[in-house]
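One structure is given here, and the rest of the page talks about it.
Nothing fancy with the numbering, it's 1 onward along the sequence. None of these values were measured; they are calculated from a predicted model.
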Amino acid sequence: MEKKRGSFTGGLGFVLAAAGSAVGLGNLWRFPPLAAQYGGGIFILVYIVLALTFGFALMTTEIAIGRKTGSSPVMAYQKLCRKFKFLGYLAAAIPVIILPYYCVIGGWVLKYMMVYLQGMTAEAAGDGFFAAFTGSTVSPLIYFAVYLVATWLIVMGGVEKGIEKISRIMMPLLVLLSIGICIYILTLPGALEGARYYLLPDFSKFSLKTICAAMGQMFFSMSLAMGIMVTYGSYTKKEVCLTKSVNQIELFDTVVALLAGLMVVPAVYIFSGEEGMSSSGPGLMFVTLPKVFGDMAGGRVIGFLFFVLVLFAALTSSVSVMEAIVSVLMEHFGISRKAACTGTLIFALAVGIPVSLGNGIWSGIQILGMDLLTFFDYLSNSVLMPLVALFTCILVGWVIGTKTITDEVTRNGEKFGRKRIYEIMIKYIAPVFLVIILISYTLAQFGGITL
């Protein structure tokens with residue numbers, strides 16, 4: 001049994017691990033089409049403003065809560081206010097829901113990396129390749145299991161020797177791969193036109209929908225309201241400068257998101273035009289992009305490197321999701337890391353199997369008209385995460401007071417330059433936007449209506 005709570009070796013280790021959590025599949029398959037759809041540069045500008053205000057406020061809050069209490073979410077919120085104990089359980093439930101289906105998708109990424117390694121570029125570009133793979137029974141389960149075990153092995157290594165060590169390796173490589181692929185894509189004929197389409201602001205597309213889309217992307221992209229930043233905050237040493245660390249995490253996350261757009265949008269624009277950007281999520285990454293790689297000179301190499309990059313991004317995120325679960329189990333039940341990791345592995349395997357089969361032989365099993373993967377994604381991302389963020393704002397802004405957080409941030413004489421913005425965001429602006437997000441996602445999912 002672990003007697004002592006793990007910790008990062010310092011500020012850099014914490015920043016890389018937290019940035020690794022923030023940089024995930026959402027940056028690579030959600031940000032590019034959203035930016036293209038909502039006015040290119042104007043969407044990016046709105047996203048950056050929101051990241052520096054809304055995102056900064058929520059991330060600072062969660063990390064400060066973790067460091068102040070030295071606890072995982074369940075105990076952290078209880079220590080702040082016993083009446084908000086439920087919020088800890090709510091936050092802890094989100095990684096439990098996310099881990100199985102995220103690892104299923106991680107298995108798809110691993111499959112495509114192997115496909116390009118074997119030179120099956122033409123096969124991957126075929127119309128029915130993705131559907132045939134995900135609809136089969138054995139192959140997706142094997143890749144899911146391999147990906148899940150890889151995540152488990154990293155988390156088994158602990159905070160310093162597992163999570164921090166792998167983040168120190170993967171995050172610099174991820175950035176270097178992103179830059180390298182971007183440079184290659186931008187040298188292709190017609191790529192600069194695609195880059196202009198992506199980067200130049202189209203003010204005619206600016207609306208409330210632009211703000212909501214940027215808010216939703218920022219919210220998911222930065223791993224907020226799922227207990228991860230509280231957990232990582234609890235591993236952070238007291239002398240680490242929180243505002244500096246949050247700024248660095250935001251910068252890392254935003255740069256990778258922008259680079260993802262520069263990788264994806266010009267490439268798709270060259271070969272598919274604007275209509276190619278209509279697909280998103282799995283459709284963009286596993287159907288549209290393989291077609292682009294199939295038409296591209298050197299497509300096999302670029303496709304392989306791209307999916308290596310995606311695999312790194314996915315792994316650093318799934319590691320943080322599993323760690324959030326393991327941290328709660330260790331603290332709440334007093335068990336060892338090995339026991340907590342193994343229990344989490346068995347659970348994720350048991351739930352991930354029907355999620356994977358939900359794309360094939362169990363496709364008839366649906367909840368509220370959604371297959372299992374789509375339902376779990378909707379429940380975690382569109383319902384629980386905004387709720388946790390909303391209740392966190394209420395707790396900090398109106399129950400315990402923002403001073404509880406600002407005192408933790410400034411405990412070492414650290415300056416809090418955006419203190420006033422932070423207080424206004426937590427008490428007034430963020431709650432309003434979170435309610436709007438909850439309403440808009442509910443209407444979109446069940447009423448077919450978008451704000």
Side-chain angles (χ1 to χ4, degrees), residues 23-37 105-136 139-140 143 146-147 170 173-199 256-315:
V23 175
L25 293 172
N27 294 71
L28 296 163
W29 78 17
R30 201 168 183 267
F31 189 91
L34 280 177
Q37 180 183 352
I105 300 172
W108 300 349
V109 175
L110 183 61
K111 163 69 175 180
Y112 270 70
M113 187 190 78
M114 295 305 296
V115 162
Y116 282 96
L117 182 63
Q118 297 170 60
M120 298 170 61
T121 310
E123 290 87 340
D127 287 334
F129 184 83
F130 178 64
F133 164 63
T134 57
S136 61
S139 184
Y143 281 101
V146 171
Y147 180 90
M170 284 189 174
L173 285 175
L174 188 150
V175 173
L176 289 175
L177 279 171
S178 299
I179 294 172
I181 294 173
C182 280
I183 291 173
Y184 177 81
I185 295 295
L186 291 175
T187 61
L188 297 175
L192 292 181
E193 184 62 31
R196 280 194 289 269
Y197 171 72
Y198 169 59
L199 294 173
V256 172
L258 292 174
L259 287 173
L262 280 175
M263 279 187 284
V264 174
V265 176
V268 173
Y269 191 89
I270 292 169
F271 297 100
S272 304
E274 288 188 35
E275 61 273 13
M277 296 309 305
S278 60
S279 61
S280 61
L284 176 67
M285 183 170 292
F286 298 111
V287 178
T288 304
L289 279 174
K291 292 182 183 299
V292 171
F293 295 143
D295 292 335
M296 183 189 297
R300 174 186 175 181
V301 175
I302 296 301
F304 172 71
L305 291 176
F306 176 79
F307 281 103
V308 169
L309 184 156
V310 178
L311 183 65
F312 285 176
L315 262 178

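- When all heavy atoms are compared, the tightest approach of Val265 to Gly194 is CG1-O, 3.8 Å.
- Taking the centre of each ring, Phe129 and Tyr112 come in below the 6.0 Å mark.
- With contacts defined as side-chain heavy-atom distances shorter than 4.5 Å, the pair Leu199/Leu262 qualifies.
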From CA spacing to verdict: side-chain contact (heavy atoms from CB on, under 4.5 Å), Lys291, Asp127: CA-CA 9 Å; Lys291 292 182 183 299; Asp127 287 334; 2.5 Å; yes
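- Between Phe31 and Tyr198, the angle of the ring planes goes over 60°, which puts this pair in the perpendicular group of the 30/60° scheme.
- Side-chain atoms of Lys111 and Val115, non-hydrogen and from C-beta on, do get closer than 4.5 Å to each other.
- Between Phe133 and Tyr143, some side-chain heavy-atom pair lies under the 4.5 Å cut-off.
- A donor-acceptor pair under 3.5 Å links the side-chain atoms of Arg300 to the main chain of Leu117, judged by distance alone.
- Interatomic distance, Leu176 CG to Ile181 CD1, rounded to the nearest 0.5 Å: 11.0 Å.
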Step-by-step side-chain contact (heavy atoms from CB on, under 4.5 Å) determination, Asn27 to Leu259: CA-CA 9 Å; Asn27 294 71; Leu259 287 173; over 6 Å; no
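- Atom CG of Leu258 and atom SG of Cys182 lie 9.5 Å apart (nearest 0.5 Å).
- The aromatic rings of Phe130 and Phe286 lie parallel to each other, their planes meeting at an angle below 30°, with 60° marking the opposite boundary.
- Across all their heavy atoms, Leu186 and Leu192 have their closest contact at O-CD2, 4.3 Å.
- Looking at every heavy atom in both residues, Ser178 comes nearest to Leu309 through OG-CD1, 3.1 Å.
- Scanning all heavy atoms of the two residues, the minimum distance from Pro266 to Ala191 falls at CB-O, 3.6 Å.
- Annotation for Pro32 and Trp29: closest pair CD-C, 4.3 Å, computed over non-hydrogen atoms.
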CA sep, side-chain torsions, deciding dist, call: Met296, Ile270, side-chain contact (heavy atoms from CB on, under 4.5 Å): CA-CA 10 Å; Met296 183 189 297; Ile270 292 169; over 6 Å; no
Met285/Trp108 under side-chain contact (heavy atoms from CB on, under 4.5 Å): CA gap, chis, key distance, verdict: CA-CA 10 Å; Met285 183 170 292; Trp108 300 349; over 6 Å; no
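- Across all non-hydrogen atoms, the minimal contact from Phe293 to Thr121 is O-CG2, 4.0 Å.
- Within the 4.5 Å cutoff, side-chain heavy atoms of Leu28 are placed close to those of Met263.
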